[in-house]
There are 2 protein chains.
Amino acid sequence: MKPTIKNIAKAAGVSTATVSRALANKDQLLRPATSARIRKIAHEMGYHKNVAASQLASKITKTIAVIINYTQTNFWKEIVDGILQQAHQLGYQVIIFSAGENDPARLTQTVNEALEHQASGILLISGKIEANQVAILSRAHTPYRLVSIYDRHHPEYRFISSDNIAIGELATTYLIKQGHHKIGLVGIDHSSTGQQRLLGYQKAMTAADLTINPDWVHYGNYSYQSGQQLYQQVQGQSLTAIVAGSDMVAVGLIKAAQQAGTQVPEQLSVVGIDGALAGEIVSPELTTVKQDFFRMGTTSVDNLLNDQAATFIPTRLVKRASVAKL
Amino acid sequence: MKPTIKNIAKAAGVSTATVSRALANKDQLLRPATSARIRKIAHEMGYHKNVAASQLASKITKTIAVIINYTQTNFWKEIVDGILQQAHQLGYQVIIFSAGENDPARLTQTVNEALEHQASGILLISGKIEANQVAILSRAHTPYRLVSIYDRHHPEYRFISSDNIAIGELATTYLIKQGHHKIGLVGIDHSSTGQQRLLGYQKAMTAADLTINPDWVHYGNYSYQSGQQLYQQVQGQSLTAIVAGSDMVAVGLIKAAQQAGTQVPEQLSVVGIDGALAGEIVSPELTTVKQDFFRMGTTSVDNLLNDQAATFIPTRLVKRASVAKL
DNA sequence: TTGAAAGCGCTAACAT
DNA sequence: ATGTTAGCGCTTTCAA
C-alpha cells in the first residue's frame, strides 16, 4: 500500500491535520521542528500526495486543460509550448486533450471531458468551433478561451486570435508602398481567418485607390501545396506582387515559380504572412513564425487566468527577403 | 453550485448509487428506462462528473503523465504528438509536465509532481537522467519509461530508445558499400547516444578492415550550427565521405560546403542519421524524421501500458539524396 | 433492479 | 501549535 498522511501521522505520533500542514509548508502554523520531522518521515516512507484527494477536499485544481483540435498544419505545437512554459511558471499543471481532426462530435465529447477535470480554465486550440460547443463551455462557468479563433458573428465568444484584418492590410500596404498596383491574394480559405485577411487586403487596396480584380483572389488552404498549385493560375495574370495567405503558401509559390523558370525576386514580389493556420518551420530563417505562436501560447494562459477581455495578437509579416533564401 | 450526483439523485427520485451506475453506463445493472431518464436529467442540469472524486473513490486514473525535459532540438513535440494520439485511442488522458531545460533539481521535483497524480504510467522524455531520479520512479511502483534514453551502464532502467549502435553501423556500412574508405564521423557528443553511434561506426569500419584515424571523429551537439562549424575542421582531412551525427548536422555540413564552393554530391558524400536528438523539420522532403518520432511516441504508450521489455526503435537513415535537395 | 452506507485521502473550520 | 471532526463527490460492497 502506498503511504497516506494517516500512516505518516501514526509514525510521527501526530494528527493527520498536522501532517497535512507540514506537507503543505504552512510553517507559520506549526513548530518548525515538528514540520521538519514530519517531512523527513514522509520522505523516508516514500510518500507522494494524492492529488485527487487534495483537489476534492480543497476544491482547487491548479491545472489548465488544453484541447487540441488538429489541423493539417502543426502550429498547435508552438502554442502548446508557450502554454507549458507559462503554466509552469505560474504553478499550474497542463492536461492535454486531443480532439482528433475536424470531428465536431468528438470535439464536443472532448470539451465535456475537459470540464470533468474541474480545471481552472480551458484553452481550446482549434480552427473551427460550433455554437453548441461554446454553449457547453460557457454554461459550465469554467473560464475558457478559443485560441486562434475569432468569429465576428459571435462577439460574445471568449477568444484570443491573430488580428487577421490588420495582417492582410499590413502585407498589402507593404507591397503598395513598394510601388505595386496589380497585387494578388493567394491561398486563403473561406473561414473567418481567410475572409478577414481578404478584408484587410481590400481595405489597403481601396485606401490606395487601386482597383481590385476579383480574379486576383485565389482560394486554397494555407499550405505549401496550395502555393505550388495556385501558381499556375497566377501565372497568366500579369500580377507584379502577391500577398500569400500564409508563409507556407509563399514558399510554395516561390518554389513553383522557380521551377517554371521565373526569377521571383525580379519579376514577382511575394509577401507571406503568418498566423493561425501557418506554422511548419521551413528553415532556420523562418523561426520568427515559431516565436509568434509561442507568444500566442503564453498570452493565452495569462488572459485566461486573469479573465481579461478578448485579445488580438499582433502578427508579423514574413518578408520576401527571408522566404527567397530557400 | 455545480450539480452533483446527489442533486441529480434528488431530482430523479433515486439514490446516488443508481445515478452513479447510470452515468457510468452500467446498463446491465439497472433498468434501461431508469438509466435513460437519469442521463437526461443530468444533461439538463448541466452535470459534469468530478474526475477527482471519481478517481479517489475508484482508485483508477486513466491518465498518462508525460515529463518533458527540454532540449535544444525540439524532437519532443513529435513524440508527444504520438503519445497524444495513442493515449486517446486507448481512452487515456495525458497530463504534461515541463521540467525546464537540463535542470536536475527541477527534474527531480517534476518527477515527484507527476507521481502525485497517481497516473497509470509515466513517460519521461529527456536526453539525460540521474540515478536518484530513476530511483524515485522505481520506488513509487508506478510504471515508467525513459523515452529516448538508453544508458548501458544501467540495464535495469526501463527505457525506449533508438538503437544507436545499429544506426552508426548502418550509416557507415552504407558509405563503405559505396566504395568509400576515408569516412569521418561528425557532430556526435559524449553522451551514450553519441558514444553508441561512434561504436557502430567503429564496428562497421573494423568489419570492413578499414583503419580509423581518431582525428576523423569530430564532436558537436547534433545541431545545424555544429555541422556548419565543424566543416572547417573536416575540410583539410581529405575525407571522401562523412557520417553526420544527425540530419541537422548533415544539412549544416552541406550548406557550409556549398558556401565554401565545394560541390558536395561529387566531392564528398554525407549521410545524415536521425535519432533521439535530431528532429527539426527542415523541409518537406525530410518528413520521414517526423514519422519516426511519432512512432516512438506511440510505441512508448503501448510499451508502458503493457509493461513489456525495453524497446529499441529502429531508426532510418536520412539519405544524402534527400538532404542534398536543400 | 435499487438503496444504504462506508470510505477513498485529503483539507479546513473549529476547538483546545 | 496541534487535535478533532466533518465533509469534498464519487464508487462500491452488501442488503433488500
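Naming convention: chains lettered A, B, ... in sequence-line order (proteins, then strands); numbering from 1 in each chain.
Going from atom CG of Leu146(A) over to atom NE2 of His154(A) covers 11.0 Å, rounded to the nearest 0.5 Å.
The side chain of Arg21(B) places no N or O atom within less than 4.0 Å of a non-bridging phosphate oxygen (OP1 or OP2) of dT2(C). Remark: Lys26(A) is in phosphate contact with dA12(C), judged by side-chain N or O atoms under 4.0 Å from OP1 or OP2. Contact annotation: Thr18(A) side-chain N/O to dG3(D) OP1/OP2 distance is under 4.0 Å. Regarding contacts with the backbone of dT1(C), every side-chain N or O of Thr34(B) stays at 4.0 angstrom or more from both OP1 and OP2.
For Ala17(A), whose side chain is taken as the heavy atoms from C-beta onward, the closest listed nucleotide among dT4(D), dT12(D), dT11(D) is dT4(D). When distances run from any side-chain atom of Met1(A) to the nucleotides dT2(D), dG9(C), dT12(D), the shortest one goes to dG9(C). In this structure, the nucleotide among dT12(D), dT2(C), dT11(C) sitting nearest to the side chain of Ser54(A) is dT11(C). Comparing dG9(C), dT12(D), dT4(D) by their closest approach to the side chain of Ser15(A) singles out dT4(D). Closest to the side chain of Asn50(A), out of dC10(D), dC10(C), dT12(D), is dC10(C). Taking the side chain of Val14(A) as heavy atoms from C-beta on, and the options dG3(C), dG3(D), dT11(C), the nearest nucleotide is dG3(D).
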Could you please spell out the steps behind the salt bridge (charged side-chain N to carboxylate O under 4.0 Å, His left out) verdict for Glu101(A) and Arg106(A)? CA-CA 9 Å; Glu101(A) 188 164 341; Arg106(A) 188 167 151 194; over 6 Å; no

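Using a 4.5 Å heavy-atom threshold, the side chains of Ser300(A) and Arg145(A) count as separate.
At whole-Å resolution of the value, CD in Gln118(A) and C1' in dG9(D) are 9 Å apart. In this structure, Met45(A) places its CE atom 13 Å from P of dG9(C), rounding to the nearest Å.
If you check every strand for non-hydrogen atoms under 4.0 Å, Lys2(B) touches nothing. Nucleic acid contact for Gln28(A): sugar-phosphate only, since backbone atoms but no base atoms lie under 4.0 Å from a heavy atom of the residue. In this structure, Leu30(B) reaches the sugar-phosphate backbone alone: every heavy-atom distance under 4.0 Å involves primed, P, OP1 or OP2 atoms, never a base.
One N or O on the side chain of Asn69(A) and one on the backbone of Gly100(A) form a donor-acceptor pair closer than 3.5 Å.
Residue-to-nucleotide contacts include no donor-acceptor pair under 3.5 Å from the side chain of Arg37(A) to the base of dT2(D).
If you check the side chains of Gln133(B) and Thr108(B), you find a donor sitting under 3.5 Å from an acceptor.
Nearer to the 5' terminus of DNA chain C, by closest-nucleotide assignment, is the contact made by Leu56(B) (compared with the other of Leu56(B) and Lys49(A)). For the pair Thr16(B) and Ala57(B), nearest-nucleotide mapping onto DNA chain C gives the more 5' position to Thr16(B).
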